[in-house]
Amino acid sequence: MPESRRLDRLTSMMRRRGIVLPSFEIYGGVAGLVDYGPVGARIKRKVIQAWIDHWTSNGDIVEVDSPTITPKAVLVASGHVGEFNDQMSECLSCNAIFRSDHLVEGMHPSPDTLEGEELDSLISSNSVTCPNCQGGEWAKARPMNLMFPTTIGAMGGGREAYMRPETAQGMFMLFPSLYRHFKQKLPFGAVQTGRGYRNEISPRKGMIRLREFNMAELEYFIDPLDQPCGDLGQYTDKISLIPDPEGENQGEIRSTFSEANQSGLIKHSTVAWFMARTYDFLTKIGIDSEKIRFRQHAGSEMAHYASDCWDCEILGEYDWIECVGIANRTCHDLESHELHSGSNLLRSWRQFVTPKKIFKEGLSPNSSVIGPLFKQRAGAISTAISELVDIPGSFPFTIVLDGGFEAEITKEMVSLVKEERNIHGEWFTPHVIEPAFGIDRIIWHVLDHSFIEDGKDEEGYVTLRLSETVCPYDLSILPLFDKDGMGEFARGMFNQVSTIRGIHADIDSSGSIGKRYARADEIGVPWAITVDHSTLDDGTVTVRKRDDQRQVRISSEELIVHVKNRTIESLF
RNA sequence: GCGCCUGUAGUGAAGGGGUUAUCACAAGAGGUUUCCAACCUCUUGUCCCGGGUUCAAAUCCCGGCGGGCGCACCA
């Protein structure tokens, strides 16, 4: 079997068996949009369920769900409207397109803040040449919008909006509700799974770069003075870590999460903790641990909102692909939303262990004197007096207002106040650690790593060695013949197991028994239950294990108990 | 967006200006004491879309859409 075509065989199988296939195909298809078919949708649901369970099982993280349509103002505050509207310049001689701000790199302190016309004039005044063909003629810079715009309101005059490029903003919007839910105590987190939208220039590589995709994001809100972290010592695997090439550490380092955190390779303990938990999740759903690595972003590739970011990359048919990003978003989002919205609900209270005593000495304006004397300027003068930090040693002294007005302040106009207060705590903007998962990319790699071809002949025998956590059906029930009562017995069993919560069975009576095993193996059903002649005599069935084809015989009642308890494995 | 390659049943392929487009596997019905893709009979189903050239286009040409790779892009 030529290994170079494994990718083709895997994608063909995925289409044929209804796992993942191009969308809208009878209308020619649309690049970057895919469907999950009947088998794929079940796998996807189980991956997402496993993800939600993984993060919410500690009690400090809850699930939320917010709209995909997002008002423009939210995305202006988050920085996406600015960042997602990069100006692009096209070379008139070879039609190559470049980001305008990259072309004028070094010619301006902050090229990414410039408008189209400023970029154009910078390009022409510096005679920037095309990196591709050395031509010097450029078309006007045009904005490239990577978000899908829409309008809220069916008639004219609606509000401008975009399809969300990430689910994170919805969780920031819900911060006040989360803060109340968690009894106003950090740390806590929220997860959200759902669709995100990016109008990619050129979607590529099957389901790797999509225009509409499934994401799963976790926002963990912490006090920046604290770095909450679980027991890293429980993760003893050595992990491949590739630190920022612009930093002190070079090349690939193999280390445990605990060591990496202690040595300062992973600076933030909470980031290290989520990296470990991410590794734990990925291996649990069937990603090969040898094909996982973490790569730190260089400062230059960091998203606009992040101060540190580690990508989790997975090795598959498309080489190393970024599947999870674990970013320290600091207070960027909450602070920016506070600024843009005027809300004061995006903060958290930090209680001091011991109240701080503060002594405040200041001047208090005597308005009965100041008022009649300064009339309309009295208010401004009173404020200025209260805000004086250095109290002048003698009277009279002069205060200069913003407009240049000079007021002479005499002893009678003020009184000296000495105040002693206990401060019990302070308000601050929480920081956010965000693990963001690309669900489609993860599903791809789960399938890639499970796709085992080990046929002896040319044709190849395919087994999808999916973990029970993500398999599309838990078991396949196969009547050896659909007659003599075997079919009825099988359907009875099917109905019985189908009432068990979380269990989905398949029933298949067409074709030879070998063919039916093969069909079940190909989509990763872990157990095949065969109803045969003996079943009719003594009520026993055979249970076949997908990964080694071993079979045991057991009474159907006993089997159903094992299905219920998820202990089929113990039969082997 | 650009360049090169490419598009034939569900999947993989063959063919190719001329009657009804070929093969394998898959799928459906029936048969067969049928436990690892067995066999027999029958059946369903295909030239990406649009325009052009031509007496005649699935085939040649142009455009679009989709796919692969490279460049660019991937906040």
Side-chain angles (χ1 to χ4, degrees), chain A residues 5 7-18 21-33 37 75 78-86 88-91 93-99 101-103 112 130-133 139 142 144-147 165-166 196 198-206 208-211 297 301-306 309 318 321-322 325 327 438 455-463 478-484 486 509-522 528-534 541-544 546 548-551 553:
Chain A
R5 295 189 48 220
L7 174 60
D8 295 332
R9 293 191 300 271
L10 175 51
T11 47
S12 296
M13 186 280 278
M14 285 167 61
R15 283 168 170 238
R16 187 162 41 79
R17 297 306 309 269
L21 52 168
S23 296
F24 310 114
E25 223 183 353
I26 63 169
Y27 287 99
V30 180
L33 300 180
L75 296 161
S78 69
H80 287 92
V81 170
E83 292 289 327
F84 262 39
N85 283 286
D86 291 325
M88 304 294 282
S89 294
E90 181 174 1
C91 169
S93 47
C94 72
N95 296 321
I97 294 186
F98 303 91
R99 274 178 62 161
D101 56 338
H102 287 182
L103 289 173
D112 55 337
C130 172
N132 186 40
C133 72
R142 288 183 314 220
M144 168 190 71
N145 191 352
L146 284 179
M147 288 193 292
E166 58 172 15
R198 292 175 199 181
N199 206 351
E200 296 280 355
I201 300 169
S202 63
R204 284 281 169 86
K205 297 181 173 172
I208 299 296
R209 271 178 76 186
L210 297 172
R211 289 193 162 118
H297 279 207
E301 86 178 292
M302 204 90 66
H304 64 273
Y305 49 70
C309 184
Y318 295 112
I321 296 289
E322 165 197 352
K456 295 142 212 82
D457 53 7
E458 189 68 13
E459 201 178 319
Y461 189 93
V462 170
T463 307
L478 313 172
L480 192 57
F481 309 101
D482 197 0
K483 60 181 185 186
D484 303 333
M486 292 178 217
S509 60
S510 76
S512 74
I513 191 68
K515 184 173 278 191
R516 285 179 271 162
Y517 289 143
R519 276 199 287 247
D521 287 345
E522 195 179 35
I529 314 302
T530 306
V531 174
D532 58 17
H533 292 100
S534 310
V541 294
T542 65
V543 183
R544 171 186 177 275
R546 177 195 64 205
D548 58 16
Q549 293 92 49
R550 276 191 292 157
Q551 273 179 300
R553 182 169 280 278

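What you see below is based on every heavy atom in this structure, not just the backbone, and it leaves out hydrogens, waters and symmetry mates. As the structure is a prediction and not an experimental result, all values here were calculated from the model. Proteins come first, then strands; the chains are lettered A, B, ... in the order of their sequence lines, and each starts at number 1.
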> Please write out the pairs of protein N or O atoms and N or O atoms of nucleotides 61-65 of chain B separated by less than 3.5 Å, giving the distance to one decimal.
{"residue": "B:C65", "atom": "O2'", "partner": "A:Gly28", "partner atom": "O", "Å": "3.2"}

> So what does the secondary structure string of RNA chain B come out as, 5' to 3', with Watson-Crick or wobble pairs under 3.5 angstrom, [ ] for crossing and | for pairs with another strand?
(((((((..((((....[...)))).(((((.......)))))....(((((..]....))))))))))))....

> With sequence neighbours left out, what residues match A:Arg17 under salt bridge (charged side-chain N to carboxylate O under 4.0 Å, His left out)?
A:Glu522

> Does a nitrogen or oxygen in the side chain of A:Ser202 sit under 4.0 Å from OP1 or OP2 of B:A72?
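So the side chain of A:Ser202 is outside the cut-off, no N or O lying under 4.0 Å from OP1 or OP2 of B:A72.
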
> Ignoring backbone atoms, test whether A:Thr530 places a side-chain nitrogen or oxygen under 4.0 Å from the OP1 or OP2 oxygen of B:C35.
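No, because none of the side-chain N or O atoms of A:Thr530 sits under 4.0 Å from OP1 or OP2 of B:C35.
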
> Run the side chain to side chain donor-acceptor pair (under 3.5 Å) test against A:Arg15 and tell me which residues pass, sequence neighbours left out.
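With neighbours one apart ignored, the set is empty.
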
> State which residues pass side chain to side chain donor-acceptor pair (under 3.5 Å) with A:Arg204; sequence neighbours excluded, sorted by chain then number.
none

> Taking side-chain contact (heavy atoms from CB on, under 4.5 Å) as the test, write out the residues that go with A:Phe24, two or more places apart.
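Listed in chain order: A:Val30, A:Leu33.
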
> Has the side chain of A:Arg204 got a donor or acceptor atom sitting under 3.5 Å from an opposite partner on the base of B:G67?
no

> Using the side-chain contact (heavy atoms from CB on, under 4.5 Å) criterion, which residues pair with A:Ser509? Sequence neighbours excluded.
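Counting only residues at least two positions away or on another chain, A:Ser509 forms a side-chain contact (heavy atoms from CB on, under 4.5 Å) with A:Pro479, A:Asp482, A:Arg516.
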
> Output all residues satisfying side chain to side chain donor-acceptor pair (under 3.5 Å) with A:Tyr517, sequence neighbours left out; order by chain, then residue number.
A:Thr530, A:Gln551

> If you restrict it to nitrogen or oxygen atoms, what contacts under 3.5 Å exist between nucleotides 38-42 of chain B and the protein, and what is each distance?
{"residue": "B:A38", "atom": "OP2", "partner": "A:Ser512", "partner atom": "OG", "Å": "2.5"}

> Could you list the residues that satisfy side-chain contact (heavy atoms from CB on, under 4.5 Å) with A:Arg209, not counting sequence neighbours?
A:Glu200, A:Arg441

> Over all strands shown, is A:Thr542 touching base, sugar-phosphate only, or nothing at heavy-atom distances under 4.0 angstrom?
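Base contact.
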
> Looking at B:C36, does its base get a donor-acceptor pair with the side chain of A:Gln551 below 3.5 Å?
yes

> Which of these nucleotides, B:U11, B:C36, B:A13, is closest to any side-chain atom of A:Arg15?
B:U11

> Would you say the base of B:C36 and the side-chain of A:Arg550 have a donor-acceptor pair closer than 3.5 Å?
no

> If the condition is side-chain contact (heavy atoms from CB on, under 4.5 Å), which residues does A:Ser12 pass it with, not counting sequence neighbours?
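So A:Ser12 forms no side-chain contact (heavy atoms from CB on, under 4.5 Å) with any residue.
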
> With sequence neighbours excluded, tell me which residues meet side chain to side chain donor-acceptor pair (under 3.5 Å) with A:Asp532.
A:Thr535, A:Arg553

> Can a donor-acceptor pair under 3.5 Å be found between the side-chain atoms of A:Arg516 and the base atoms of B:C36?
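In this structure, the two groups form no donor-acceptor pair.
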
